There are 2 protein chains.
Amino acid sequence: MANSPTGDSATDRLVRILDTFTPTRTVQTATEIGRRSGLPSSTAHRIVTELVEAGLLERDEDRRVRIGMRLWELATRSSHALRLRQAAMPFMERVQSRVREHTQLAILEQDEALFLERLSSPDSGANITRVAGRLPLHASSSGLVLLAFGDVDLQERVLSSPLAPLTRATLSDPAAVRRKLAEVRAIGHAIAPGYIEEVSTGIAVPVRDETSRVVAALSVVLPRDAETDFAVVELHRAAQDIARSLGFRH
Amino acid sequence: MANSPTGDSATDRLVRILDTFTPTRTVQTATEIGRRSGLPSSTAHRIVTELVEAGLLERDEDRRVRIGMRLWELATRSSHALRLRQAAMPFMERVQSRVREHTQLAILEQDEALFLERLSSPDSGANITRVAGRLPLHASSSGLVLLAFGDVDLQERVLSSPLAPLTRATLSDPAAVRRKLAEVRAIGHAIAPGYIEEVSTGIAVPVRDETSRVVAALSVVLPRDAETDFAVVELHRAAQDIARSLGFRH
DNA sequence: GAGAAGATTCCCGTTCATCGGGAACCTCGG
DNA sequence: CCGAGGTTCCCGATGAACGGGAATCTTCTC
């Protein structure tokens, strides 16, 4: 009985298992993994054991399971992300040291904004977990930049799907988003006051590679009522420096 | 026929495939992957396709394959590494801004030193690729620290296996390494002049968590003839700040 | 400390997805 | 225009994965 509506290959199942880990849920028991991934307990246990042997997962002393460091290492082989991150880091630090709050680097991934790096002031340690690794394109300043400079197919796809609002301020009407995108293209950056959380404003600029294609968005988060001009200038400067730095490699 | 000397489960094969990617070899054709992983071409193609659909791998426009950003994201769920890295980053930046060259954070992983983060001056972009993600414990300053403060089993295991020298200066005699470890424990840091490359010296200190167990090594790389005292002081200060910062969480 | 709820391990017969040889096809570069 | 290497498609045999179930161990709860 069970269900298995979607056909599952070995790879599918693996991904289902890995996907039971979320930014907040980083350790769980093998049985939990089974439940969450829709796998019978015995099967889940077997596969988890294999994955642990392979190093993709790790077991705590108390038998609970978490994602293995091996995966981190493998991710490191991902040329694109790594190269971009490496190039951006020094300049992100400069932004962070001048603007404070959070500085973030995001790329387009599966129709969402995926954050590769996020610098925070040491004092604001509280909300590290709260901030997710992904945000919808229409709601975050980074997402709006990626969307505005992305191709038309992407825009249609995103605008024709439900635009869930995260706060009262989030743009959830396709027409409104369309206007916003035009504005972003016109002024060259996106300002998202209160879209993600009421109390803060996101500011993002496009980052271009050596061929001047937009490959990422660089953003900062400020208190809702803060002055934004200085941040915009700093972000643009950093984005240009990153582009120049990318030009050097290869 | 073929061979399959080691028994292979679905997971094994997956890992074999992922392992064909190295820090230098980040893109390859499906057939190449098959060759390197010892899998028949048709099989390799099938699995690679599945992995691409799952997002663990990605295809370039020209059909070639690289590691997918999805993996990066999953790695991000790895609580330990992430937490440590997040806590360490601000202080690593401080070290980097004062000492220059490279600043690195390494942990113990499968009897080797695995580098989680590595800050470099923007100008020294050349050698990013050259620096591997892992180094042997007996040869790197970070490794010596991790080994010196690691448990006895680990030390025996490492010292009884062949100690490959990377340069003429690398300690490759078990007795010499043992003496060095005693020294590290005595003075509280490791200095490795020319062990990795003739021209540079690594300096590492232990990083402790809130329970004061050694969980990582923080290190810098300096020119071989540089003065080390200042770096040692800065490193110790950063390590303490990191420990304090780790104490805040949870 | 007793009892319950949950997690883990082991066993085993069935089945069905995986495997991989082979051949045709595509795509370069020379 | 040719050839080498990469990719896709096909298909029958095989054996490895599957998962129900029960016994055991661990962790809470009261």
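Values in this document were obtained by computation on a predicted structure and should not be read as measured data. A note on names: the letters A, B, ... follow the listed sequences, proteins ahead of strands, and every chain is numbered from 1.
- The nearest whole Å value for the distance from the CG atom in A:L51 to the C1' atom in D:dA17 is 14 Å.
- Between A:R244 and A:D241, at least one side-chain N (NZ, or NE/NH1/NH2) sits under 4.0 Å from a carboxylate O, which counts as a salt bridge.
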Fill in: Intermediate values then yes/no, side chain to side chain contact (heavy atoms under 4.5 Å, CB included), A:L56 and B:V15
CA-CA 8 Å; A:L56 299 190; B:V15 173; 4.3 Å; yes

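- As rounded to whole Å, 13 Å separates atom P of D:dT8 from atom CD of B:E50.
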Worksheet entry | Residues A:E58, A:I67; criterion side chain to side chain contact (heavy atoms under 4.5 Å, CB included); working and verdict | CA-CA 6 Å; A:E58 289 174 2; A:I67 295 232; over 6 Å; no

With 3.5 Å as the limit, what N/O pairs link the protein to nucleotides 3-9 of chain C?
unit_1, atom_1, unit_2, atom_2, d
C:dT8, OP2, A:A30, N, 3.1
C:dT8, OP2, A:T31, N, 3.1
C:dT8, OP2, A:T31, OG1, 3.1
C:dT8, OP2, A:H45, NE2, 3.4
C:dT9, OP1, A:R63, NH1, 2.5

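- If you take CG of A:D12 and P of D:dA17, they are 17 Å apart, rounded to a whole angstrom.
- Under a 4.0 Å N-O distance rule, the pair A:E32/A:R25 qualifies as a salt bridge.
- Between B:L14 atom CG and D:dA17 atom P there is a gap of 13 Å when expressed in whole angstrom units.
- Here the shortest heavy-atom pairing between B:R208 and B:L246 reads O-CD1, 3.9 Å.
- One finds a salt bridge joining A:R178 and A:E156 here, because a Lys/Arg side-chain nitrogen approaches an Asp/Glu carboxylate oxygen to under 4.0 Å.
- As rounded to whole Å, 16 Å separates atom P of C:dC12 from atom CZ of A:R46.
- Rounded to whole Å, atom P of D:dA17 lies 14 Å from atom CD1 of A:I17.
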